[in-house]
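The first residue of the sequence shown is numbered 1, and numbering continues consecutively from there. Just so it is clear, the values below take in all heavy atoms, side chains as well, and ignore hydrogens, waters and symmetry mates.
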Amino acid sequence: MKKADFGVIVIGAGHAGCEAALASSRIGIDTLLLTINLDTVAQMPCNPSVGGQGKAHLVREIDALGGEMGIVADETCIHSRLLNTRKGLAVQAIRVQSDKLEYGKRMLRSLLSAKNLTIQQGTVAEILVENGKICGVETLAGKKYSADSVVLSAGTFLRGMIHIGSLSFPAGRAGEPPADELGNCLIKLGLPVKRFKTGTPPRILRESIDFSAMEEQAGEPLTPSFSLFSVNLPNKTLRSCFLTRTNEQTHSVIREHLHESALFSGKISGTGPRYCPSIEDKVRKFPEKNSHKTFLEPEGYDSPEIYLQGMSTSLPEKVQEEYVRTLPGCSNAKITRAGYAIEYDIVHPSMLLPSLESKIISGLFLCGQVNGTSGYEEAAAQGLLAGMNAALKCHNREPVILSSAVSYIGLLVEEIISVGLDEPYRIFTSRSQHRLNLRMSNAEERLADIAFSAGLINNERIAFYNARKLHIAEIIEVLKSTRHTYFVPDDNSENLHEKSESKHERSEDSFENSDNLPANSENMREIQPLSKKTSCSLFHFLKRPEVAYSDIKNILKSIPDMDTLAEIEIEALVKYEGYIAQAEKENTLLKNGLDIPLTENILNDPPVGISSEARQKIIKAKPATIGILEKLPGIRATDVALILMHLRK
């Protein structure tokens, strides 16, 4: 047989396509990346931010698997914060604001310097299939490329349609044409499609804003980097973000013009994201709320434009200008780009295998928004997995299947392929029953061996990860073997740290059995103060909720510095020791209860305490058993546990 032009062809150079192409090329497969416009590689049409709740965990997993998103986000960062710091260590999340233009340029440099990777500008019109197997692609210009595998990462371009009030026009993004021919091709191939919708807010001119009327949110210089291999990092406090709020005047303007919104006029048939609704949708659905937060975030270090997070819309441009000027600090705001809604085709992800390969077309892999997900991070995570498995297929190797027990990427894939999506999917840590183990800080421990076996990372990198893991274990042993004597504070006194000494010189710690307390949440439990002077190992001293790892370093000066994520991981390993053991017991109970049927009264009137989303999904889907309930997108682990407890009672 004639050798194919390429082993893998990737269609689309968004966040999914870039990670797919890089993963395939790293495994040693000749890869072609085709994109409509080389100037918009890794474009950020919505907020130029990376990370956040749940999403930061995906970025860390991408980095552990040898991906590029974390490094690029670090090197183009102009603002950063660590979120959820008042919650458990397992759900803390990095979020950075990147320079929009620099992010794309930096990702393009990675693509251009990659071995085994060819990048070309071209619009794919048709995916070529023979006898149910991929054989290549054809562009609008009529050029054909043969391939063993094809990765489709078309984003919002499949028969994309933009809506701004009564104005509608075909587009994949603002200023770029849609991929209508490719969208029609998928239908001809028999792939099941449906319409989804997303949107963006207006951008406003920085110089027209009165920031003094807003709450400033400066960057936090001590925020850890996404990648352990980031270099030449900028000052993470280069630009501030600002917070303002809508008011009754804002809502009044929007209510007066609801009939002009494409969302409510009947022009849009696609379903939008639950967790990123348009401002008119929020005003309509929550009439009791007289205010919604609006974050003003810079599009770049030198950019004159400010992004209005929380103000996504499909209202006419003149209405956008009117309601934006009701916001405190924006009375003279000038809109540089109007917000818009975009409607596009997705392929039902239920027709995918866990490897993200199509069930009906061998060698066709799909990733990103074409699978019904939302967000750059969800797209990039799928892209890496799809590109890796497309390359492994060329080598006749078994695909990598990531489990939800070891990664959020695995959870994402399991959820989107198991049950059809009714709305764009977004990852949340609350969806995972294993979230105590799926920390940002231990992504390498969970995934590095998988990456090395697949060929995504080299010997030097896996050796670095192994050495880091060993170093963490050594520090844990030092904490266990070093005792600390201190006074328990009275009401108005402070701790008096006295000395640390060998464990052989003191009796066993009185905290020894405290880990057996049940873990009902990720928040650290309150430990009853001991009386007067006491002593314990530094390991158990760190278990106390008021003690941080930085306190331990101040006590034991000989502990060497490590990267910030490693120090977070050490603290998590100590504080979560008992909770993880308890969680494993609870997961075993859940596993044994998957076949328990749900009663009629629960299906019609779910118990109080579960999330409103879970309530809606249960009433609509009517899952027959706990096992089916657990797989429904939007059902949190805590929802399942509460219902299981209710049934057992």
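Taking each heavy atom of Pro224 and Leu565 in turn, the nearest pair found is CB-CG, 4.1 Å. Nearest heavy-atom pair, Leu438 versus Ser404, reported as atom, atom and distance to 0.1 Å: CD1-O, 3.6 Å. For the pair Ala90 and His57, the tightest heavy-atom approach, listed with the atom from each and the gap, is O-NE2, 2.8 Å. Residues Pro170 and Met161 share a closest heavy-atom pair of N-SD, 3.5 Å. Closest approach of Ser314 and Glu280 over heavy atoms only: N-OE2, 3.0 Å. Of all non-hydrogen atoms in Ala405 and His434, the two that sit nearest each other are CA-CD2, 3.6 Å.
At least one side-chain heavy atom of Ile618 sits under 4.5 Å from a side-chain heavy atom of Ile643. Looking only at side-chain heavy atoms (C-beta outward), Val324 and Pro202 come within less than 4.5 Å of each other. In this structure the side chain of Arg245 never reaches within 4.5 angstrom of the side chain of Asn247, judged on heavy atoms. Between Leu65 and Ile409 there is a side-chain heavy-atom pair separated by less than 4.5 Å. When side chains are defined from C-beta on, Met214 counts as touching Cys330, because their heavy atoms get closer than 4.5 Å. Counting heavy atoms from C-beta outward, Glu216 and Phe211 have side chains that stay 4.5 Å or more apart. In this structure the side chain of Arg337 never reaches within 4.5 angstrom of the side chain of Thr200, judged on heavy atoms. Between Asn389 and Glu357, every side-chain heavy-atom pair lies at or beyond the 4.5 Å cut-off.
Looking only at distances, no side-chain donor or acceptor of Thr35 sits under 3.5 Å from a matching main-chain atom of Gly12. Using modelled atom types, no side-chain atom of Gln382 and backbone atom of Ala16 make a donor-acceptor pair closer than 3.5 Å. Distance alone, capped at 3.5 Å, places no donor-acceptor pair between the Ser153 side chain and the Cys367 backbone. Between the Arg60 side chain and the Gly70 main chain, no donor and acceptor come within less than 3.5 Å of each other. Checked by atom type and distance alone, the side chain of Thr156 pairs as donor or acceptor with a backbone atom of Gly172 at under 3.5 Å. Remark: side-chain polar atoms of Asp63 are not paired, donor with acceptor, to backbone N or O of Val59 under 3.5 angstrom. Counting only distance, with no hydrogens or angles, the side chain of Asn37 and the backbone of Asp39 share a donor-acceptor pair below 3.5 Å. Distance alone, capped at 3.5 Å, is enough to place a donor-acceptor pair between the Arg81 side chain and the Ala218 backbone. Judged by distance alone, the side chain of Thr123 and the main-chain N or O of Ile36 form no donor-acceptor pair under 3.5 Å. Not one N or O on the side chain of Ser261 forms a donor-acceptor pair closer than 3.5 Å with the backbone of Leu258.
Between Glu343 and the choices Lys197, Lys267, His163, Arg159, the side chain to side chain donor-acceptor pair (under 3.5 Å) rule is met once, by His163.
More than 12 heavy atoms of other residues, nucleotides or ligands sit less than 6.0 Å from atom CD of Glu248. Counting heavy-atom neighbours within 6.0 Å of Lys194 NZ, excluding the residue itself, gives a total above 12. The environment of Arg615 atom CZ is dense: over 12 non-hydrogen atoms of other residues, nucleotides or ligands sit within 6.0 angstrom.
In summary, the side chains of Glu423 and Ser374 do not present any donor paired with an acceptor at a separation below 3.5 Å, with no hydrogens or angles considered. Side chains of Ser278 and Ser312: no donor on one and acceptor on the other come within 3.5 Å. A donor and an acceptor atom, one from each side chain of Glu378 and Tyr425, are nowhere located under 3.5 Å apart.
To the nearest 0.5 angstrom, Ile306 atom CD1 is 14.0 Å from Ile335 atom CD1. We find the NZ-OG1 distance between Lys87 and Thr85 to be 10.0 Å, quoted to the nearest 0.5 Å. Here the straight-line distance linking atom OG1 of Thr223 with atom CD of Gln92 works out to 11.0 Å at 0.5 Å rounding. Rounding to the nearest 0.5 Å places CG of Leu152 at 11.5 Å from CG of Leu356. Here Gln97 contributes atom CD and Leu238 contributes atom CG; the two are 12.0 Å apart, rounded to the nearest 0.5 Å. To the nearest 0.5 Å, atom CD1 of residue Ile11 and atom CG of residue Leu34 are 7.0 Å apart.
The stretch residues 317-333 participates, sequence neighbours left out, in these side-chain hydrogen bond (donor to acceptor under 3.5 Å, both in side chains) pairs: Thr250-Thr326.
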Decide yes or no on side-chain contact (heavy atoms from CB on, under 4.5 Å) for Ile346 and Val370, but give the supporting numbers first.
-> CA-CA 4 Å; Ile346 72 155; Val370 71; 5.5 Å; no
Could you go step by step and tell me if Arg106 and Glu68 meet the side-chain contact (heavy atoms from CB on, under 4.5 Å) rule?
-> CA-CA 10 Å; Arg106 174 61 182 80; Glu68 202 73 7; 3.7 Å; yes
Thr638 vs Ser430, side-chain contact (heavy atoms from CB on, under 4.5 Å): CA-CA, chis, key distance, verdict | CA-CA 7 Å; Thr638 50; Ser430 61; 5.6 Å; no
Starting from the C-alpha separation in whole Å, work towards a yes-or-no answer on side-chain contact (heavy atoms from CB on, under 4.5 Å) for Met440 and Ile568.
-> CA-CA 9 Å; Met440 277 201 317; Ile568 291 174; 5.8 Å; no
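Ring-plane geometry between His15 and Tyr376 is classed as tilted, the angle between the planes lying from 30 to 60 degrees on a 0 to 90 degree scale.
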Under 3.5 Å, sequence neighbours excluded: what are the donor-acceptor pairs made by side chains of residues 287-301?
unit_1	atom_1	unit_2	atom_2	d
Ser291	OG	Thr246	O	3.0
Glu297	OE1	Asn47	ND2	2.3
Glu297	OE1	Arg95	NH2	3.3
Glu297	OE2	Arg95	NH1	3.2
Glu297	OE2	Arg95	NH2	3.2
Glu299	OE1	Lys100	NZ	3.4
Glu299	OE2	Arg203	NE	3.3

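By the side-chain contact (heavy atoms from CB on, under 4.5 Å) test, Ser230 pairs with Ile71, Asp74, Ser227, Leu233, sequence neighbours left out. With sequence neighbours left out, Tyr340 forms a ring pair (Phe, Tyr, Trp, His ring centres under 6.0 Å) with no residue at all. Applying the side-chain contact (heavy atoms from CB on, under 4.5 Å) rule to Leu167 yields the partners Phe169; only residues at least two apart in sequence or on another chain are considered. Listed by chain and residue number, Ser212 satisfy the side chain to side chain donor-acceptor pair (under 3.5 Å) test with Asp210 (two or more places apart in sequence, or in another chain).
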